[in-house]
Amino acid sequence: MSLRNFLNELEKEGNLVKIQREVNPKLEIARILKESSKVVLFENVRDSDYRIVGNVCNSRENFARALGIKKEGLLRYISDAIENSKFPRIVEKGHCQDVVESDVDLSRLPILTHNSKEMGPYITAGIFIAQDEKYGMNMSFHRASPISRDRLVARVCQRDLYKYLERSNGELDIAISIGNHPSVLLSAGISLGIEINEMEIANSLYPLNIVKCKTNDLYVPADSEIVLEGRITKEKVDEGPFVDITGTYDIVRKEPVIEVDCITHRKNPIYQALIPSFSEHKLLMGMPKEPVIYKEVNKVCNCKDVILTRGGCSWLHAIVKIEKKKSEDGKNVIDAAFRGHKSLKHLVVVDDDINIHNPEEVEWAIATRFQADRDMVIKKGKGSSLDPSADEDRTTSKLGLDATIPFNKPREKFERVRLGDEGDEE
Ligand SMILES: Cc1cc2nc3c(=O)[nH]c(=O)nc-3n(C[C@H](O)[C@H](O)[C@H](O)COP(=O)(O)O)c2cc1C
């Protein structure tokens, strides 16, 4: 399914807001999206032939709706898609190539300016697609800011694409796909191992067709709204400052320049926007990590649920719910969760009677089941480059709280009395 089809469905259900008056991609659209909890389609964008959509993935409900499942089933559904991924269907023609522009002019794209103190406008929902002989295909998000008519600078953290670049001596063909169905966006956020092809996971979440690019041998989602085809070069320039998921300004770094050779797009294209540090950014970072932690925890214990909490930027804090069977389960789970998510900083493990989507219940478990000198694990290690309190080289201390019921005490002492448990009222 395409982003467009999904927007049509949202519209039919009354869940799409359309704005027909002229709006400015410089700050105004970002402000409207920040203030709205709805998916918003801007039909009249100043100085642009493109429409803009934002907030598409700003709730778990929207992901569930897009995948045709219930919200509660998301973790298992994504986990199954990871386990049973299969290569997408290659097609000869894709709507993403309805229009081919070889005279590249990035200023024609309505790239949003999100915050006044940032370096400038930048692409936030761009999915980078790369290919390597040894590692195969890769999809990942990278913010990308135009620095001239046909060049961008993009942030490439030390993850898979960085390793592709190391192997290719700093120069690599790249395709940047913008305007995708939530299944493609969700998969691009998955980081499981360099040999894992995220397009295969996308295809298992929802059937995906891919088409070959016009100017290189890469394959892109055939129904993308826009594709930029080009090359990552060895040249590096200042990148930033930009606001990141923590809601703070990321530092300025030297990052690679991309030369764009060709832009292809659908007719009447829709540019997809995503507001940094807001719900959509958080969910797209955090949700794909939850099944990875789930998988790792399941190796040591029966994992019932995982959430990366909003207050922890959907990246630094996790709650893991387990079915505790052995006294050492809590501590083993702490180790496993840190293995599953290397950027994780603070973690709470709870029993399966706790609703981990309710922060008060989690705090209640800490208040009534946890003793710091007995149930706390502190480790030193490498954390997230996004954490302003970590050292320059990402060294951080990590904290795990085992808030599960201790096995050497009577269980009844810890059971929560729910309303009505006391017996019938007179
Ligand atoms: C909205 C969004 C923006 C992101 N921006 C960047 C970025 O600018 N640079 C980067 O290296 N990773 C960024 N990420 C994180 C990676 O895309 C993500 O961790 C991905 O899973 C890494 O894929 P990989 O395992 O193939 O390296 C972003 C993620 C999201 C959801």
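Order of listing sets the numbers, starting from 1, for every ligand and every atom in it. In what follows, residues are counted from 1 in the order of the sequence shown.
Aromatic ring pairs are classed by plane angle as parallel below 30°, tilted from 30° to 60° and perpendicular above 60°; the pair Tyr206 and His181 is tilted.
Results of the ring-ring contact (aromatic ring centres under 6.0 Å, His included) test with His142 over Tyr122, Phe128, Tyr164 single out Phe128 as the only residue that passes. The residue from Asp402, Ile354, Asp375, Thr404 that alone fulfils the side chain to side chain contact (heavy atoms under 4.5 Å, CB included) condition with Arg369 is Ile354.
Protein residues having a heavy atom under 4.0 Å from any atom of ligand 1 are Asn138, Met139, Ser140, Phe141, His142, Arg143, Arg155, Val156, Cys157, Arg159, Asp160, Ala188, Gly189, Ile190, Ser191, Glu198, Leu274, His281, Leu284, Met285, listed by chain and number.
Looking at heavy atoms from C-beta onward, Glu200 lies in side-chain contact with Pro88 at the 4.5 angstrom threshold. No side-chain heavy atom of Val292 sits under 4.5 Å from any side-chain heavy atom of His341.
For the atom pair CG of Asn55 and CD of Glu280, the computed distance is 6.0 Å after rounding to the nearest 0.5 Å.
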